[in-house]
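Scroll down for the structure; my scribbles are underneath it.
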Amino acid sequence: MTAERGIKAWHDVMQGGNSPDAVAAIIAEDAVFHSPVVHTPQRGRPIVVAYLSAAGQTLGNDSFEYVRELVDGDNAMLEFTTEMDGIHVNGIDLIRFDSDGKIIDFKVMVRPLKAVNKVWEQMAAMLETMQK
């Protein structure tokens, strides 16, 4: 199962601090990222790395925790919870892996609406900071 190998690599990157270089090493060149707050899919390793690195910086605080994991073939679903500025965030990372265990599709869904708004606010600020 490629997802099992890919999920292990993903957890290793998250636990290692989610650096852009570490994220890039597990992302396929033609990967696609689906944001909960951006309408169009983001295509290609550089933009996927930017979004996942920014997400790691904004969502990956001390309260971040994966609470459920489902793996099936090339696909995995990871449910997470975290808190951002006093707002409880519940979300899902839906990930598809290629035959080498690299991420080729990453979709994030977040709830409730207050959390979506907070994620949008902090992700926008983080992406702007990273571009400077």
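FYI, side chains are in, hydrogens and waters are out, and symmetry mates aren't considered; it's all heavy atoms of this structure.
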Side chains of Q42 and V32, heavy atoms from C-beta outward: is any pair under 4.5 Å? no
Out of curiosity, T82 OG1 to Y66 OH, how far, rounded to the nearest 0.5 Å? 10.5 Å
Is H34 close to P41 at the side-chain level, that is, under 4.5 Å between some pair of heavy atoms? yes
How long is the gap from CD1 on I47 to CD1 on I27, to the nearest 0.5 Å? 12.5 Å
Shortest non-hydrogen contact from F97 toward A76: CE1-CB, 4.1 Å
Is there a side-chain contact between V48 and Y51, using heavy atoms and a 4.5 Å cut-off? no
Output the distance between atom CD1 (I95) and atom CG (D74), rounded to the nearest 0.5 Å. 12.5 Å
Closest non-hydrogen atom pair between S35 and V38, with its separation: OG-N, 3.3 Å
Side chains of K114 and M84: closer than 4.5 Å at any heavy-atom pair? no
Following the transitive rule for hydrophobic clusters with a side-chain heavy-atom cut-off under 4.5 Å over Ile, Leu, Val, Met, Phe, Trp and Tyr, establish whether L70 and I104 coincide in one cluster. no
D93 side chain near F80 side chain, heavy-atom distance below 4.5 Å: yes
V110 vs V108 side-chain heavy atoms within contact, under 4.5 Å: yes
Does R43 reach the side chain of F33, with side-chain heavy atoms less than 4.5 Å apart? no
Straight-line distance of M77 CE to K107 NZ, nearest 0.5 Å: 13.5 Å
For the pair D100 (side chain) and K102 (backbone), establish whether a donor and an acceptor sit closer than 3.5 Å, ignoring hydrogens and angles. no
Any donor-acceptor N/O pair, R5 side chain to S99 backbone, under 3.5 Å: yes
Do you know which two heavy atoms are closest between H88 and A115, and how far apart they sit? O-CB, 3.7 Å
Quick check on the hydrophobic clustering: are M14 and V89 connected, directly or via other members, by side-chain heavy-atom contacts under 4.5 Å? yes
Would you confirm whether S63, through its side chain, and E83, through its main-chain N or O, come within 3.5 Å as a donor-acceptor pair? yes
Verify whether the ring centers belonging to W10 and F106 lie closer than 6.0 Å. yes
Looking only at heavy atoms, which two atoms of A24 and V49 are closest? And how far apart? CA-CG2, 3.6 Å
I need the I26 CD1 to I103 CD1 distance, nearest 0.5 Å. 4.0 Å
Where P20 and S53 come nearest, the two heavy atoms and their spacing: CA-OG, 3.4 Å
Flag, side chain of N18 to backbone of L52, donor-acceptor distance under 3.5 Å: yes
In Å and rounded to the nearest 0.5 Å, what is the CG to CZ distance from L78 to R68? 11.0 Å
When you measure from the side chain of R96 to the backbone N and O of D105, does any donor-acceptor pair fall under 3.5 Å? no
Would a distance-only check, ignoring hydrogens and angles, find a side-chain to backbone donor-acceptor pair under 3.5 Å from D98 to G101? yes
